[in-house]
Amino acid sequence: MGEDPMSVAFAQARAAQARGEAPIGAAITRDGMVIARAGNRTRADNDPTAHSEMLAIRAAALALRNFRLDDCDLYVTLEPCAMCAGAISHARLRRLYFAAPDPKGGAVEHGPRFFAQPTCLHAPEVYGGIRESEAAELLRAFFRARRGLRTEN
């Protein structure tokens with residue numbers, strides 16, 4: 001067995017934070033091995049779609065030379081948004097593991113509950129709350145610091 005995928009996702013989240021991005025990271029596994037990893041890059045790439053999940057899905061599809069990731073699992077530090085849930089569905093990922101829920105922007109257990117919609121193409125098995133408090137604190141600290149920077153300017 002390889003690296004712990006959720007630990008890889010957290011390492012990617014911390015790397016994203018160091019770049020000034022929202023601290024969200026993702027890892028994709030196949031046969032127990034991490035085959036793709038990414039942290040948010042929306043600011044660095046000037047790309048609103050450069051969420052960690054999207055980047056990891058793209059990297060995994062390239063690595064496997066297949067747009068179907070039906071034997072792969074995604075680990076992410078925050079509940080995916082609607083855009084990422086759509087990509088997860090289209091990639092046909094087998095399982096989704098996430099750390100912190102996102103009542104404001106999440107689309108798996110909150111908001112549109114994407115995978116529960118009758119029009120959803122494919123719904124992965126979903127497991128939430130893995131290292132939830134660690135992810136929530138990482139995000140809280142990041143946004144607390146950002147608010148502090150805004151008030152000083």
Side-chain angles (χ1 to χ4, degrees), residues 5-30 34-132 134-147 150:
M6 191 58 87
S7 292
V8 171
F10 271 97
Q12 292 296 309
R14 289 185 184 92
Q17 182 176 20
R19 294 189 306 271
E21 303 277 358
I24 303 164
I28 294 181
T29 62
R30 181 180 188 210
V34 174
I35 61 165
R37 61 189 78 208
N40 272 16
R41 295 195 55 85
T42 55
R43 292 176 181 274
D45 294 356
N46 292 310
D47 180 355
T49 71
H51 290 193
S52 62
E53 302 97 317
M54 300 292 285
L55 298 172
I57 288 169
R58 290 175 189 150
L62 282 173
L64 297 176
R65 297 176 175 230
N66 194 340
F67 67 102
R68 297 278 193 247
L69 303 175
D70 53 2
D71 58 351
C72 297
D73 302 329
L74 171 66
Y75 295 76
V76 63
T77 59
L78 185 66
E79 176 184 353
C81 70
M83 174 184 66
C84 293
I88 290 164
S89 178
H90 280 275
R92 290 178 172 72
L93 283 154
R94 179 177 51 192
R95 294 184 197 104
L96 165 64
Y97 299 89
F98 69 88
D102 185 0
K104 184 176 177 183
V108 176
E109 293 182 347
H110 297 89
R113 291 181 164 85
F114 189 91
F115 302 128
Q117 298 305 312
T119 55
C120 180
L121 180 68
H122 164 79
E125 294 174 30
V126 177
Y127 304 92
I130 301 160
R131 295 169 63 176
E132 177 180 343
E134 182 181 354
E137 182 49 40
L138 188 63
L139 287 157
R140 267 193 303 273
F142 174 78
F143 287 110
R144 197 168 36 242
R146 295 213 28 116
R147 281 191 301 276
R150 268 192 228 127

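The minimum heavy-atom distance between Arg131 and Ser7, with the atom names listed, is NH1-OG, 2.9 Å. Of all heavy-atom pairs spanning Ala16 and Ala22, the tightest one is CB-O, 3.7 Å. Nearest heavy-atom pair, Ala38 versus Ala56, reported as atom, atom and distance to 0.1 Å: CB-N, 3.8 Å. Of all non-hydrogen atoms in Pro112 and Ala107, the two that sit nearest each other are CG-CB, 3.6 Å. Contact detail for Arg113 and Glu109: the closest heavy-atom pair is NH2-O, 2.9 Å. Across every non-hydrogen atom of Pro80 and Ala85, the tightest pair is CB-N, 4.3 Å.
Listed by chain and number, the residues in a side chain to side chain donor-acceptor pair (under 3.5 Å) with Glu137 are Arg140, Arg144 (sequence neighbours excluded). Glu132 is linked by a salt bridge (Lys or Arg N to Asp or Glu O under 4.0 Å) to nothing, counting only residues two or more places apart in sequence or in another chain. Applying the side chain to side chain contact (heavy atoms under 4.5 Å, CB included) rule to Arg92 yields the partners Arg68, Asp70, Leu121, His122; only residues at least two apart in sequence or on another chain are considered. The side chain to side chain contact (heavy atoms under 4.5 Å, CB included) search around Ala60 returns Ile28, Ile35, Ala36, Leu69, not counting sequence neighbours. When the ring pair (Phe, Tyr, Trp, His ring centres under 6.0 Å) test is applied to Tyr97, the partners found at least two apart in sequence or on another chain are Tyr75, Tyr127. Applying the side chain to side chain donor-acceptor pair (under 3.5 Å) rule to Thr42 yields the partners Glu21; only residues at least two apart in sequence or on another chain are considered. Checked against salt bridge (Lys or Arg N to Asp or Glu O under 4.0 Å), Arg14 has the following partners two or more places apart in sequence or in another chain: Glu134. By the ring pair (Phe, Tyr, Trp, His ring centres under 6.0 Å) test, Phe98 pairs with no residue at all, sequence neighbours left out. Asp102 pairs by the side chain to side chain contact (heavy atoms under 4.5 Å, CB included) definition with Leu78, Glu79, Lys104, not counting sequence neighbours. For Asn66, the side chain to side chain donor-acceptor pair (under 3.5 Å) criterion is met by no residue, not counting sequence neighbours. Remark: Asp45 pairs with Arg41 by the salt bridge (Lys or Arg N to Asp or Glu O under 4.0 Å) rule, at least two apart or across chains.
At a threshold of 4.5 Å between non-hydrogen side-chain atoms, the residues Ile88 and Leu96 count as touching. For the pair Leu139/Thr77, no side-chain contact is recorded, criterion being any heavy-atom separation below 4.5 Å from C-beta on. You'll find the side chain of Cys72 reaches within 4.5 Å of the side chain of Arg30, heavy atoms only.
For the atom pair CG (Asp71) and CZ (Arg95), the distance works out to 10.5 Å, reported to the nearest 0.5 Å. Distance CG/Leu55 to CG/Asn40: 7.5 Å, rounded to 0.5 Å. Remark: Leu62 CG to Phe67 CZ distance equals 13.5 Å, nearest 0.5 Å.
Applying the side chain to side chain donor-acceptor pair (under 3.5 Å) test to every pair with at least one member in residues 49-61, sequence neighbours left out, gives these pairs: Asp47-Thr49, Thr49-Arg58.
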